[in-house]
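Everything below concerns the one structure shown next.
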2 protein chains.
Amino acid sequence: MSDAEQTRQNILTVAADEIHQHGFKATSLSVILNRCEISKGALYHHFTSKIELGYAVFEEIYTPMFLDLWQSALAVEDPVEGLCTFFTSMTEQMSCSEVVCGCPLNNLCEEMANVDEGFRLRILSMQEQLNQSIVDALEKINDDLRDGLALSQVSYFIVATLNGATTLSKSSRNKELFKQVIAELCLYIRALKK
Amino acid sequence: MSDAEQTRQNILTVAADEIHQHGFKATSLSVILNRCEISKGALYHHFTSKIELGYAVFEEIYTPMFLDLWQSALAVEDPVEGLCTFFTSMTEQMSCSEVVCGCPLNNLCEEMANVDEGFRLRILSMQEQLNQSIVDALEKINDDLRDGLALSQVSYFIVATLNGATTLSKSSRNKELFKQVIAELCLYIRALKK
DNA sequence: CTTGCAACATACCGAGCGGTTGGTTATGAT
DNA sequence: ATCATAACCAACCGCTCGGTATGTTGCAAG
């Protein structure tokens, strides 16, 4: 990787971390510059504005990380169990910073979706992508599922609950609350089967 | 009401609206001053700082509004149906601004709970209060409910999902998504019964 | 009629923000 | 070797923010 590309990647990584910790608006460019040990000129050579940097973080860091994670949970023989073990392992692996900071995408969604159209469209697109992935995975085992399920609705329900659980544990700083909601969510998901 | 008290209430009302629309940090005192047609001295006569104003808005505007709303849904013969009609009526009555701005408490929770301890404790206390209300209401019809339910867990699950649904519709600007999640949530709630 | 304090108003402060400008250094093609 | 351009730096700009210091008004008790 060229030096320039290295610099760019470094900016993206640090910016992703800062945005995760403090949100987009509260993220200060000068903090990023200090952490990267570069000048403001360097940053503005690679990105035209703060918000363009934000978009790049979303597209190049958050989105692939997020989709890969879900794919690994869904691309198994039984996606119902895949999701449950995925969620359960989240409750165990969840580090302190993740409890406090929440899901980066969920945060960005809360903060920026109704403020900036660029973020909103990117978030929306990703949500639809994720929803489709879940629906596809569930349809593969359609024969094992209860009749009359609205799979898209079910999928949005699952995602909404997971986000709600993250927010809950984040605001209470309480991993236990997250575990409880996840436990109930797993009960719901397993009850989708016949 | 005295003039001074009138001024104070006016500040609280306007601040509540601004915070709902733009979040706490992004709410500018000068905007509040303009809308109230008062000076900065007036505001700082009634409130010692921006964050104290925020606390007052939380305690005197948001909390009572919120708890009253839930109480009216729970204080009926059948709280399961009470919740379902409550949620369903939300999907119908929900104004455009509510879709875009989301629930004021949910927003504040997302934005401030992990940043400011004062907000966190207030939010936490209210969450526990709400959870207890739901548990109490459900226990009243315990005989009609399935055996082995963890009611507190169920209650947190409901609240988490509702918050997640709000966030989802807010970021997508799509009332339909909210409706779908609520529909699925009502299915879940009604399935709590035997 | 005075005095005191609540209830405001006005003007200003320092800090931090995102962004710009003008310059310097490194690199790679010709 | 030259030279355009990519890559980067340092200084500065305008602006808005929350907060403060000081001044003014009006009412109400003594």
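No hydrogens, no waters, no symmetry mates; every other heavy atom, side chains included, goes into these values. The chains referred to below are lettered A, B, ... by the order of the sequence lines, with proteins before strands, and numbering in each begins at 1.
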Pair B:R190 + B:E81, salt bridge at N-O below 4.0 Å: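 B:E81 and B:R190: salt-bridged.
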Any ion pair linking B:R8 and B:E60 (charged N to carboxylate O, less than 4.0 Å)?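 A salt bridge links B:E60 with B:R8.
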Using only atom types and a distance under 3.5 Å, with no angle test, would you say the side chain of [X] pairs donor to acceptor with the backbone of [Y]?
X: B:S125; Y: B:L121; result: no
X: A:Y62; Y: A:A16; result: yes
X: A:S171; Y: B:A113; result: no
X: B:T161; Y: A:T161; result: no
X: A:R35; Y: A:V31; result: no
X: B:K175; Y: B:M94; result: yes

A:G23 to A:T27 - nearest heavy-atom pair and separation: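 It is O-OG1, 2.6 Å.
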Kindly give the heavy-atom pair with the smallest separation between B:A191 and B:R146, and that separation in Å.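 Heavy atoms of B:A191 and B:R146 come nearest at O-NH1, 2.8 Å.
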Restricting both atoms to N or O, compile the protein contacts to nucleotides 27-29 of chain D shorter than 3.5 Å, with distance only.
none

Which angle, rounded to 10°, do you find between the first-five-pair axis and the last-five-pair axis of the helix from C:dC1-D:dG30 to C:dT30-D:dA1?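 Rounded value for the end-axis angle: 0°.
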Check the distance between D:dT16's P and B:L33's CG and give it to me in whole angstrom.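 Checked: the CG to P distance equals 15 Å.
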For A:R8 and D:dA7, what is the distance between atoms CZ and P respectively, to the nearest whole Å?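 The distance from CZ of A:R8 to P of D:dA7 comes to 11 Å, rounded to the nearest Å.
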Would you indicate, yes or no, if D:dC8 has its OP1 or OP2 atom less than 4.0 angstrom from a side-chain nitrogen or oxygen of A:H45?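 So the side chain of A:H45 is outside the cut-off, no N or O lying under 4.0 Å from OP1 or OP2 of D:dC8.
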Side chain to side chain donor-acceptor pair (under 3.5 Å) partner of B:N107, chosen from B:H22, B:H20, B:K170, B:Q21: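 Answer to the side chain to side chain donor-acceptor pair (under 3.5 Å) test with B:N107 among B:H22, B:H20, B:K170, B:Q21: B:K170.
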Less than 6.0 angstrom from the centroid, inside 45 degrees of the normal: does A:K50 satisfy that with respect to the ring of A:F24?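 Pair A:K50/A:F24 counts as cation-pi.
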Under 4.0 Å, counting only non-hydrogen atoms across every strand here, what does A:L43 touch: a base, just sugar-phosphate, or nothing?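 It contacts nothing in the nucleic acid.
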With 3.5 Å as the limit, what N/O pairs link the protein to nucleotides 20-24 of chain D?
none

Hey, can you pull the residues of residues 11-32 of chain A with a non-hydrogen atom under 4.0 angstrom from DNA chain D?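 Heavy-atom contacts with DNA chain D come from no residue of residues 11-32 of chain A; none.
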5' precedence on DNA chain C between A:K50 and B:A42 (nearest-nucleotide basis):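 Final value for this comparison: B:A42.
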Would you please name every residue forming a side chain to side chain donor-acceptor pair (under 3.5 Å) with B:N34, sequence neighbours left out?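 B:N34 satisfies side chain to side chain donor-acceptor pair (under 3.5 Å) with no residue once adjacent residues are dropped.
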Going 5' to 3' along DNA chain C, which are the first and last nucleotides with any atom under 4.0 Å from a heavy atom of chain B?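 Counting from the 5' end, contacts occupy C:dA6 to C:dT10.
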Name the residue from A:D144, A:D78, A:D143 that meets the salt bridge (Lys or Arg N to Asp or Glu O under 4.0 Å) definition with A:K193.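 Exactly one pass, corresponding to A:D78.
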Which of parallel (below 30°), tilted (30 to 60°) and perpendicular (above 60°) describes B:F157 and B:Y188?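 The arrangement is tilted - the two ring planes meet at 30° to 60°.
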